[in-house]
Undergrad: 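Take a look at this one; I'll ask things after.
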Amino acid sequence: MSIERRLEPRSPIDGRALVVAPAVEHTCRLVDQSRSGLRIRLDRSVSLPREAFIVDLPTGIATPVQVVWQKGMEAGLKRTGEGATLRGLVPSRLIAVRDAWQRAGGR
């Protein structure tokens, strides 16, 4: 029996996303979420950087995250800021994230 250590309830989701960091672009599935974090399943086993953005592919919302844990193809992410849209004009810090989203099919 495992002890639940989360302070917030999590809910299952099934969405397509993209993990983006300098020199990193990996597609993934959103598995579940809480107000403060997410669990993702990567399409292949790769090592993620500590800081990244998670981009919800259908909505084009990019959220800064910190990789809290990674085991095989799954990872737990902590939201470290508010999400921002990648549609239209974006701040300079999000230009590379927007370009990655567009390469992944974002419109």
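Since the structure is predicted, the reported quantities are computational estimates derived from the model, not experimental observations.
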Undergrad: Rounded to the nearest 0.5 Å, how far apart are CG of Leu94 and CG of Asp99?
TA: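 Rounded to the nearest 0.5 Å, the CG-CG separation comes to 10.5 Å.
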Undergrad: Same cluster for Leu42 and Val65 if Ile/Leu/Val/Met/Phe/Trp/Tyr side chains link at under 4.5 Å?
TA: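 Leu42 and Val65: one cluster.
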Undergrad: Report yes if some heavy atom in the side chain of Leu77 is under 4.5 Å from a heavy atom in the side chain of Val67; otherwise report no.
TA: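 They are in side-chain contact.
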Undergrad: What's the separation between atom NE2 in His26 and atom OG in Ser45, rounded to the nearest 0.5 Å?
TA: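 So the gap between those two atoms works out to 10.0 Å.
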Undergrad: Any chance CZ of Arg35 has more than 12 other-residue heavy atoms, nucleotides or ligands included, within less than 6.0 Å?
TA: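 Not buried by this count: 12 neighbours or fewer within 6.0 Å.
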Undergrad: Does Ile54 belong to the same Ile/Leu/Val/Met/Phe/Trp/Tyr cluster as Leu57, with side-chain heavy atoms less than 4.5 Å apart forming each link?
TA: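 In one cluster with Ile54: Leu57, no.
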Undergrad: Report yes or no: do Leu18 and Leu48 belong to one cluster of Ile/Leu/Val/Met/Phe/Trp/Tyr joined by side chain heavy-atom distances under 4.5 Å?
TA: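 Leu18 does not cluster with Leu48.
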Undergrad: Tell me, with the steps shown, if Gln33 and Arg79 meet side-chain contact (heavy atoms from CB on, under 4.5 Å).
TA: CA-CA 10 Å; Gln33 68 178 347; Arg79 290 182 172 103; 3.3 Å; yes
Undergrad: If you round to the nearest 0.5 Å, how far is CG of Leu38 from CG of Asp56?
TA: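 So the CG of Asp56 and the CG of Leu38 are separated by 9.5 Å.
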Undergrad: Where is the tightest heavy-atom contact between Arg50 and Gln66, given as atom of each residue plus distance?
TA: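 Smallest interatomic distance, heavy atoms only, reads NH2-NE2, 3.1 Å.
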Undergrad: Does Gln70 use its side chain to pair, donor to acceptor, with the backbone of Val46 at less than 3.5 Å?
TA: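 Yes, Gln70 side chain to Val46 backbone: donor-acceptor pair under 3.5 Å.
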Undergrad: If you group Ile, Leu, Val, Met, Phe, Trp and Tyr by side-chain heavy-atom gaps below 4.5 Å, do Ile13 and Val19 land in one group?
TA: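 Ile13 and Val19: one cluster.
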Undergrad: Look up atom CD1 in Ile40 and atom CZ in Arg16, then write down how far apart they are to the nearest 0.5 Å.
TA: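 Reported value, rounded in 0.5 Å steps: 15.0 Å.
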Undergrad: Any chance you could measure Thr85, atom OG1, to Ile61, atom CD1, to the nearest 0.5 Å?
TA: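 Those atoms lie 4.5 Å apart.
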Undergrad: For Arg98 and Gly88, which heavy atoms make the closest approach, and how far apart are they?
TA: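 Smallest heavy-atom distance, with atoms named: NH1-O, 3.8 Å.
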Undergrad: Within the 4.5 Å heavy-atom criterion, are Trp101 and Val20 side-chain neighbours or not?
TA: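 Side-chain contact under 4.5 Å: no.
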Undergrad: Show the nearest heavy-atom pair for residues Asp32 and Arg10, with the distance to one decimal.
TA: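 So the minimum-distance heavy-atom pair works out to OD2-NH1, 3.2 Å.
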Undergrad: Is it the case that over 12 heavy atoms from other parts of the model lie below 6.0 angstrom from the CZ atom of Arg87?
TA: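 Yes - once you tally the heavy atoms of other residues, nucleotides and ligands closer than 6.0 Å, there are more than 12.
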Undergrad: Minimum heavy-atom separation for Pro9 to Ser34, with atom names?
TA: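 Heavy atoms only, the tightest pair is O-CB, 3.3 Å.
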Undergrad: Calculate, to the nearest 0.5 Å, the distance between atoms CZ and CD belonging to Arg29 and Glu74 respectively.
TA: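 The CD atom of Glu74 is 13.0 Å from CZ of Arg29, to the nearest 0.5 Å.
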